[in-house]
Participant: 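The structure that follows is given in the form of structure tokens.
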Amino acid sequence: MKNEFIKIRVSRIEKKVIEKKALKAGLSISEFIRRLAFEKELKSKLTDEEIECYKSLSKYAENFRRISNLFKLGDITGIKEDAIETGKLIREHLRKFQ
């Protein structure tokens, strides 16, 4: 019988990720965390949303490479535009977790 509690602190995003992963695995949050803690097998593959997140991260990485290259070339106008666009993409992505 499981009647003991463990409290942990997580960020809002971490909580959402745990909830989504537990749901995806068809487990309660408690069972999901227990299985992780005891290294029991958890089968899951990337969801379409996770694949989209990785694609977004790739876009961000490319944008930051471009910003870095513009710094090297001394193109301040291009840097500003790329930085603004990258910031918008990041904010847009983070809204999915709120």
Participant: Could you report the tightest heavy-atom contact between Ala22 and Ser28, atom names first, then the distance?
Facilitator: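 For Ala22 versus Ser28, the nearest heavy atoms are CB-O, 4.0 Å.
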
Participant: Under a single-linkage definition using a 4.5 Å side-chain heavy-atom cutoff for Ile, Leu, Val, Met, Phe, Trp and Tyr, are Ile6 and Leu27 assigned to the same hydrophobic cluster?
Facilitator: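 Shared cluster, yes.
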
Participant: Hey, could you give me the CD1/CD1 distance between Ile18 and Ile33, rounded to the nearest 0.5 Å?
Facilitator: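 Between Ile18 CD1 and Ile33 CD1, I get 5.0 Å after rounding to 0.5 Å.
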
Participant: In plain terms, say whether Glu31 and Arg34 are close enough for a salt bridge, that is, a side-chain N and a carboxylate O under 4.0 Å apart.
Facilitator: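 Yes, Glu31 and Arg34 are salt-bridged.
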
Participant: Between atom CZ of Arg65 and atom CG of Asn63, what is the distance when rounded to the nearest 0.5 Å?
Facilitator: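 Atom-to-atom, Arg65:CZ and Asn63:CG are 9.0 Å apart.
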
Participant: Is Phe38 reachable from Phe32 through a run of hydrophobic residues whose side-chain heavy atoms are each under 4.5 Å from the next?
Facilitator: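 Unlinked, Phe32 and Phe38 end up in two clusters.
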
Participant: Quick one: CD on Glu85 to NZ on Lys59, what's the gap to the nearest 0.5 Å?
Facilitator: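 So the gap between those two atoms works out to 9.5 Å.
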
Participant: Identify the residue among Lys20, Lys21, Glu14 that makes a side-chain contact (heavy atoms from CB on, under 4.5 Å) with Val17.
Facilitator: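 Going through Lys20, Lys21, Glu14 one by one, the side-chain contact (heavy atoms from CB on, under 4.5 Å) with Val17 is satisfied by Lys21 alone.
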
Participant: State plainly whether one hydrophobic cluster holds both Ile13 and Leu23, where clusters connect Ile, Leu, Val, Met, Phe, Trp and Tyr through side-chain heavy atoms under 4.5 angstrom apart.
Facilitator: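 Hydrophobic grouping puts Ile13 apart from Leu23.
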
Participant: Show the numbers, then the answer: is there a salt bridge (charged side-chain N to carboxylate O under 4.0 Å, His left out) between Arg66 and Glu62?
Facilitator: CA-CA 6 Å; Arg66 289 173 52 209; Glu62 178 59 30; 5.1 Å; no

